[in-house]
Amino acid sequence: MPDTPKKEAAPPRPATTVLLLRPSRRGDTASPLEVFMVVRHHQIDSFSGALVFPGGKLEDADGDKRLRARSGGPENISDDELKFRIAGVREAFEECGVLLARKRGQKALIAAADLKPIEERWRAKLAKDEANILDLVEAEDLELATELMTPFAHWITPTFVPKRFDTWFFLAEAPEDQVALHDGSESTDSVWIGAEEAIDEAKAGKRTLVHATQKNLELLAEGGTVAGALAQAAKRKVITVQPWVETKDGKRYLHIPPDAGYRNLVREMPAQPGAVPQTGRSFRVAGCHDKNRLAPCRPAR
């Protein structure tokens with residue numbers, strides 16, 4: 001029997017999460033994929049130390065109509081989807097220093113040598129809300145490579161979580177000559193890691209993964225290589241996942257939809273109040289005061 005919420009659920013806020021991918025052996029496209037992940041700062045209210053994908057809330061400027069003319073990809077992408085893709089490009093730059101963009105009129109993505117001065121001028125400003133993505137692309141005359149963002153998953157925070165997010169996950173292959181590095185404020189460490197390796201390390205107690213992060217790592221691992229993961233994502237219909245809780249024999253279980261492409265659809269909820277399903281060390285859900293970080297408030301990233 002499904003649990004009945006004690007009070008009306010908070011409306012979910014739109015957000016984007018980015019899974020940056022690369023081959024584990026440089027230049028070897030047949031080698032197993034690695035994904036860029038960051039470790040949450042210990043001073044953030046909840047899930048501190050958890051290994052997560054970069055991402056954050058949408059900003060008003062991400063949906064500015066003027067950005068369509070500065071975004072690559074099919075014209076039939078809806079305005080609603082485009083703003084999530086733009087947010088993903090912005091978040092990858094803010095959190096990782098990877099900019100999926102090109103000089104307007106060019107095909108190649110920005111090279112590392114050209115990226116450095118752009119990063120020095122804009123990365124900190126964007127993170128501090130002193131500028132927005134439109135300011136960046138117009139000043140630097142850029143086109144955002146939104147066509148490289150492949151929809152991968154769509155998760156909505158369960159209704160029992162105090163702060164909720166409506167989050168699109170995107171895959172993107174990282175430019176080979178750009179160096180991803182955590183921002184040092186929202187995250188304290190970063191790693192390129194295989195999807196199965198991240199799961200195994202969490203099971204061994206070396207890492208902490210929240211439920212949705214683990215489920216999306218499991219799904220990512222099925223692709224094997226960067227090309228394989230992108231191809232599978234392009235073919236798979238993205239089904240919205242909003243986990244719910246059911247009680248059976250005095251125990252509470254978290255469920256996800258059977259048609260969303262994931263395995264192991266049911267997971268027992270921890271017995272202690274305030275705890276959420278995770279792999280690795282324990283933590284509790286609390287309020288989220290950080291501007292962009294999503295992990296404290298939803299089982300995602």
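Here, residue 1 is the first one in the sequence, and each next residue gets the next number. For clarity, every value in this text was computed on a predicted model and none was experimentally measured.
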Derivation of the salt bridge (Lys or Arg N to Asp or Glu O under 4.0 Å) call for Arg68 and Glu75: CA-CA 9 Å; Arg68 177 169 286 278; Glu75 293 182 358; over 6 Å; no
For [X] and [Y], which heavy atoms make the closest approach, and how far apart are they?
X	Y	value
Ala131	Leu126	O-CD2, 3.5 Å
Ala229	Leu33	CB-CD2, 3.7 Å
Gly55	Glu95	O-OE2, 2.6 Å
Ile256	Pro243	CG2-CG, 4.0 Å
Pro257	Val241	CD-CG1, 3.8 Å
Thr150	Ala234	CG2-N, 4.0 Å

Is [Y] close to [X] at the side-chain level, that is, under 4.5 Å between some pair of heavy atoms?
X	Y	value
Val245	His255	no
Ile133	Leu144	yes
Arg123	Phe93	yes
His154	Asp166	yes
Thr17	Trp168	no
Leu67	Asp62	no
Asn264	Lys215	yes
Trp192	Leu20	yes

Kindly indicate, with the supporting measurements, whether the criterion salt bridge (Lys or Arg N to Asp or Glu O under 4.0 Å) is fulfilled by Glu173 and Arg22. CA-CA 6 Å; Glu173 184 171 6; Arg22 74 175 187 185; over 6 Å; no
Looking at [X] and [Y], would you say the former's side chain and the latter's main chain have a donor-acceptor pair under 3.5 Å?
X	Y	answer
Arg13	Lys57	no
Gln214	Thr208	no
Arg164	Pro158	yes
Thr247	Gly250	no
Gln232	Glu222	yes
Asp135	Asn132	yes
Arg85	Met149	yes
Thr157	Phe165	yes
Thr146	Gly72	yes

Salt-bridge test for Glu59 and Arg90: reply yes if a basic N is under 4.0 Å from a carboxylate O, no otherwise.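 Yes, this pair counts.
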Please step through side chain to side chain contact (heavy atoms under 4.5 Å, CB included) for the pair Glu140 and Ile110, ending with a clear verdict. CA-CA 11 Å; Glu140 302 292 341; Ile110 291 174; over 6 Å; no
Exactly one of Arg102, Lys103, Lys107, Arg70 should register a salt bridge (Lys or Arg N to Asp or Glu O under 4.0 Å) with Glu143. Which one does?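 Of Arg102, Lys103, Lys107, Arg70, salt bridge (Lys or Arg N to Asp or Glu O under 4.0 Å) with Glu143 is met by Arg102 alone.
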Rounded at 0.5 Å granularity, tell me how far [atom1] in [X] sits from [atom2] in [Y].
X	Y	atom1	atom2	value
Glu246	Lys248	CD	NZ	9.5 Å
Leu230	Leu148	CG	CG	9.5 Å
Lys116	Arg121	NZ	CZ	11.5 Å
Leu109	Leu99	CG	CG	8.5 Å
Glu34	Thr225	CD	OG1	13.0 Å
Ser31	Arg26	OG	CZ	12.0 Å

Using the rule side-chain contact (heavy atoms from CB on, under 4.5 Å), only one of Val226, Leu19, Val18 pairs with Leu171; which is it? Leu19
Begin from the C-alpha positions of Ile193 and Met37 and carry the test side chain to side chain contact (heavy atoms under 4.5 Å, CB included) through to its verdict. CA-CA 7 Å; Ile193 191 169; Met37 303 187 74; 3.9 Å; yes
Other residues, nucleotides, ligands: >12 heavy atoms within 6.0 Å of Asp28 CG: yes
How far apart are the C-alpha atoms of Arg207 and Glu201, what are their side-chain angles, what is the distance that settles it, and do they pass the salt bridge (Lys or Arg N to Asp or Glu O under 4.0 Å) test? CA-CA 6 Å; Arg207 306 267 186 194; Glu201 289 190 3; 2.7 Å; yes
When you look at Arg66 and Asp64, which way does the salt bridge (Lys or Arg N to Asp or Glu O under 4.0 Å) test go after all the steps? CA-CA 5 Å; Arg66 289 170 288 181; Asp64 193 297; 2.9 Å; yes
As a quick check of understanding, evaluate ring pair (Phe, Tyr, Trp, His ring centres under 6.0 Å) for Trp155 and Phe53, giving each step before the final call. CA-CA 14 Å; Trp155 284 63; Phe53 307 118; over 10 Å; no
Given the rule that I, L, V, M, F, W and Y join up when any side-chain heavy atoms are under 4.5 Å apart, are Ile239 and Phe170 in one cluster?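 Different clusters.
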I would like to know whether Trp244 and Gln242 meet side-chain hydrogen bond (donor to acceptor under 3.5 Å, both in side chains); could you show each step before the answer? CA-CA 7 Å; Trp244 70 94; Gln242 181 174 318; over 6 Å; no
Could you go step by step and tell me if Phe36 and Val191 meet the side chain to side chain contact (heavy atoms under 4.5 Å, CB included) rule? CA-CA 6 Å; Phe36 185 76; Val191 61; over 6 Å; no
